[in-house]
Amino acid sequence: MDEALTTVSHPPNGLLFFHSDSDEVENGDYNQQHWHQNENQAFSLAGSVASKDFEGEKGFFSNAEKLKEGPEKISLVIKDQGEDGYNLAEARQPLWRKVSIPSSLINPYRIVIILRFTVLVLFFQYRISTPVHDAFALWLISVICEIWLALSWMLDQLPKWFPITRETYLDRLAIRFEEKLLGPVDIFVTTADPLKEPPIITANTVLSVLSVDYPAEKVSCYVSDDSASMLLYDTLSETAQFARIWVPFCNKYSIEPRAPESYFSQKVDYLKDKVHPAFVRDRRAMKREYEEFKVKINVLVAKAQKKPEEGWVMQDGTPWPGNNTDDHSGMIQVCLGSDGEPDKEGKELPRLVYISREKRLGYKHHKKAGAMNALVRVSAVLSNAPFVLNLDCDQYINNSKVLKEAMCFLMDPQFGKKLSYVQFPRRFDGIDCNDRYANHNTVLFDINMKGLDGIQGPVYVGTGCVFNRQALYGYKPQSEKRRKMSSSSWPSCCCCSGDSRSTFDLDDMDEELGGFDEQEEPSFTSKKNFEKRFGQSPVFIASTLMEDGGLPKGINSRLMMKEAIHVISCGYEEKTEWGKEIGWLYGSVTEDILTGFNMHCRGWKSVYCMPERAAFKGTAPINLSDRLHQILKWALGSTEIFFSGYCPLWYGYSGKLKWLQRLAYTNAIVYPFTSIPLLVYCTIPAVCLLTGKFFISTLTSLASIWLMALFICIILTCVLELRWSGVSIQDWWRNEQFWVIGGVSAHLFAVFLGLLKVAGIDTTNFTVREKTADGTVLGQLYLFKWTTLLIPPTSLVILNMVGIVAGISDALNNGYDSWGPLFGKLFFSFWVIVHLYPFLKGLMGRQNRTPTIVVLWSILLALIFSMIWVRFDVFLPKKTGPVLKQCGVEC
Ligand SMILES: O=c1ccn([C@@H]2O[C@H](COP(=O)(O)OP(=O)(O)O[C@H]3O[C@H](CO)[C@@H](O)[C@H](O)[C@H]3O)[C@@H](O)[C@H]2O)c(=O)[nH]1
Ligand SMILES: [Mn+2]
């Protein structure tokens with residue numbers, strides 16, 4: 001380390017000047033404070049090169065030019081440079097780049113959007129000026145619904161005006177930041193119920209974390225166990241043991257992905273690609289080891305099925321503290337890491353920490369959000385990495401370079417300071433190839449999120465997201481001024497005074513806090529305010545002030561553990577801002593949207609990062625009922641936010657939320673309400689068919705032009721959107737279908753339940769979603785569970801089918817004149833049925849057992865034909881008999 005660059009000064013002519021000052025850095029010793037020092041310098045190194053408008057591509061070259069003027073003045077030493085040497089020009093390059101969508105793709109799209117909007121206005125002008133007098137109510141209702149749907153289209157459409165993608169340069173990151181200079185990351189894995197979330201899934205996630213391609217001493221993996229189960233605890237101990245052989249194997253052969261289950265399910269062609277015999281041997285051996293590991297876990301699971309009467313007992317004979325899931329003390333167990341066992345090759349492994357926060361009756365635990373907040377605090381006391389990655393237990397790291405990808409943004413000298421999080425898309429394993437229930441959510445992850453990235457940043461989707469820890473503490477992004485102050489006075493005053501200071505004197509801190517930017521956050525300036533905000537832990541409070549992370553020097557491990565237990569106690573958050581202003585926010589089952597929204601309101605940005613190899617992969621509910629329940633949960637979360645104080649329609653106007661971003665959040669919150677016009681609009685065609693009335697007045701030729709133009713615009717926006725985003729038409733169509741299916745079932749219930757909740761009746765109780773370990777078995781898809789959610793779409797299908805039958809028979813009854821309007825009505829009814837088709841299929845259950853769908857269709861067709869027959873048979877001979885006879889017989 002002694003050759004590392006240390007001090008950077010800025011001569012007035014704007015050139016860079018480095019000299020080495022090696023006493024400040026100790027040899028190889030793992031000390032986060034050093035990271036912070038070095039990193040600061042690295043920041044200034046990079047920072048002084050990249051220009052102010054670094055955010056993009058421009059501006060940089062002018063600086064590069066300047067540097068060329070006097071390269072001889074620059075001396076720079078970096079360890080392990082290899083042959084190609086340290087290329088200064090490379091090091092000055094930005095770590096990432098904004099890639100705009102080519103204007104040949106995006107401009108036509110924008111033009112069509114404007115056209116569509118214009119046509120829509122003209123269409124409504126026509127619709128409103130031509131009421132249908134003999135079906136006034138129908139007309140009025142349909143017009144209201146159309147306007148509502150059009151508004152919801154606008155909400156969805158406008159935030160897609162500036163879509164972008166981003167490119168990262170990992171090679172430049174490697175040049176600019178030596179491995180030792182990379183920022184530490186705390187990784188959180190949440191679990192809630194080992195019976196619904198099979199431990200082997202969690203183990204795989206943990207293994208993918210421990211083997212991530214990042215310096216081991218900079219990674220800590222915290223596993224939160226909300227069920228306080230000894231099964232998970234034992235699983236983790238086994239996993240830690242297995243990691244000792246798994247991690248070196250991953251590193252040696254650079255395999256992907258590093259979750260063993262999915263790695264071994266990949267086929268390897270040993271004949272292709274010059275596979276090395278040593279690899280083949282090792283892989284086989286490792287596969288056997290993994291099988292054995294799985295057996296061990298299975299044994300643990302089997303043992304855990306039935307709880308002994310006296311409760312669980314640990315291996316050393318002491319009773320397990322978590323025997324009562326809802327009432328137990330906090331538990332922390334640290335394994336691996338610098339003090340623990342190294343891997344089989346003697347190298348240090350990332351730290352692995354088991355956490356089960358205290359739970360007591362009478363205290364709200366706030367589910368996942370509560371677990372996340374406990375993790376934020378406990379990790380602040382134990383490792384305090386400046387960056388935090390959060391993963392659901394079923395979401396493993398699929399691309400081992402993912403942390404480096406995130407660092408390209410978060411460690412960017414200027415942009416990084418405004419950045420609250422880097423969100424990665426959610427990708428899934430084990431979904432049927434047709435993606436019948438739109439589980440992949442492609443439209444959200446490949447269209448909407450890219451649009452948001454061009455505004456203020458993607459929404460936080462609950463998992464696969466790397467945070468800037470500071471953003472979780474309710475701070476605003478730093479202004480230039482505050483940054484200077486804090487980096488000069490903070491860490492050095494209150495945290496690195498070194499020696500024996502093991503308790504924190506907050507009164508001392510106060511004085512130092514005096515220099516804090518008072519205008520910006522006046523409430524930060526006293527000890528009381530800190531405690532009101534963050535709770536009663538001085539160690540934790542001190543950690544929040546260390547902007548670049550790291551632990552205070554004086555702290556001993558006993559005190560650390562004591563504080564760690566303190567911050568996960570169930571009463572810790574009482575009378576604090578946790579869940580209200582800081583950390584993960586409470587009050588909605590979709591804590592993710594709310595948490596991200598609050599950050600954006602404070603002026604933070606976020607970034608959407610889509611590496612070519614999917615960053616993370618998870619599981620998704622693949623049968624209809626579970627999928628609908630998931631959608632119900634999300635939609636209910638949105639309605640909860642709508643009725644809470646955080647509704648984006650009226651919250652956060654004092655902040656720095658961009659207006660398009662606000663529209664996007666509004667869309668994410670109000671969408672369940674669109675289910676009302678949608679339901680009505682799906683019913684109207686059937687009503688029209690049954691009553692013989694129509695909700696559109698007879699079209700004039702001008703009106704039909706508008707209608708045609710509207711259709712063409714709709715199709716064109718879709719086509720152009722698919723072109724710039726690269727989404728397939730099938731994915732888009734699935735999304736449309738599921739929007740209707742979810743709309744008329746889950747969203748509708750969510751609105752209803754949300755209203756009940758406002759009225760004080762809370763009937764919802766969402767537990768964790770059940771995950772299956774075997775992602776490849778699609779039997780799940782056909783699993784049928786009854787839920788009330790199925791009622792409205794089923795009724796709609798039946799209603800529209802009956803409508804079609806009635807309409808056709810009626811038309812047959814009334815002769816040719818009625819066929820014209822009938823087609824209009826039939827068109828809308830078919831529109832409904834086509835959208836509900838996947839639902840219908842789901843309702844039918846397993847296809848190969850009963851082709852009931854065919855039966856149903858045949859019943860329908862049979863009905864139609866029998867009607868036709870009835871008409872001919874019953875009516876025709878009486879009324880038009882002679883004519884028919886004439887024709888039928890003579891012609
Ligand atoms: O009391 C609880 C309940 C849940 N969890 C964990 O939270 C995660 C998500 O729960 P899951 O039941 O899998 O919900 P999903 O429907 O998959 O949740 C999605 O939607 C949620 C709300 O929007 C997000 O928080 C999640 O990250 C996102 O995966 C899992 O790791 C759970 O173990 C807890 O730790 N404690
Ligand atoms: Mn999940």
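Keep in mind the model is a prediction, meaning the values are calculated, not measured. Indexing begins at 1, ligand by ligand and atom by atom, following the structure's order. We number each residue from 1, following the sequence as shown.
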Using a 4.0 Å cutoff against the non-hydrogen atoms of D226, which atoms of ligand 1 qualify? 1 (O), 2 (C), 34 (C), 35 (O), 36 (N)

Ion pair D186/R469, N-O distance below 4.0 Å: yes

Answer yes or no: is there a donor N or O on one side and an acceptor on the other, between the side chain of S588 and the main chain of G637, under 3.5 Å? yes

Check if C393 has a non-hydrogen atom at a distance under 4.0 Å from any atom of ligand 1. yes

Return yes when V589 approaches ligand 1 closer than 4.0 angstrom through a heavy atom, no otherwise. yes

Salt bridge between R602 and E581, side-chain N to carboxylate O under 4.0 Å? yes

Show which atoms of ligand 1 fall inside a sub-4.0 Å distance from at least one heavy-atom site of E197. 30 (C), 32 (C), 33 (O)

Going by an N to O cut-off under 4.0 Å, is there a salt bridge joining D592 and K367? no

Checking contacts here: is it the side chain or the backbone of K368 that comes within 4.0 Å of ligand 1, counting heavy atoms only? Could be both or neither. both

Lys/Arg N to Asp/Glu carboxylate O, K368 vs D226, below 4.0 Å: no

Determine, using heavy atoms of R426 and all atoms of ligand 1, whether some pair is separated by less than 4.0 Å. yes

Taking all atoms of both residues into account, what is the closest heavy-atom pair of Q737 and P838, and its distance? OE1-CG, 3.2 Å

Electrostatic pair E573:R377 at N-O distance under 4.0 angstrom: yes

By number and element, which atoms of ligand 1 are closer than 4.0 Å to a non-hydrogen atom of D392? 8 (C), 9 (C), 26 (C), 27 (O), 28 (C), 29 (O), 31 (O)

Using a 4.0 Å cut-off to any heavy atom of T590, which atoms of ligand 1 qualify? 22 (C), 23 (O)

How does Q395 reach ligand 1, if at all, at less than 4.0 Å between non-hydrogen atoms: by side chain, backbone, both, or neither? neither

Region of D394 engaging ligand 1 - heavy atom pairs below 4.0 Å: neither

Which atoms of ligand 1 have any heavy atom of G462 under 4.0 Å away? 27 (O)

Measure from the side-chain N and O atoms of Q423 to the backbone N and O of V466, and report whether any donor-acceptor pair falls under 3.5 Å. no

Looking only at heavy atoms, is any part of T190 under 4.0 Å from ligand 1, and if so is it the side chain, the backbone, or both, or is it neither? both

Which atoms from ligand 1 have a heavy atom of A192 less than 4.0 Å away? 2 (C), 3 (C), 4 (C), 5 (N), 33 (O), 34 (C), 36 (N)

Parallel under 30°, tilted from 30 to 60°, perpendicular over 60°: which one fits the rings of F534 and Y473? perpendicular

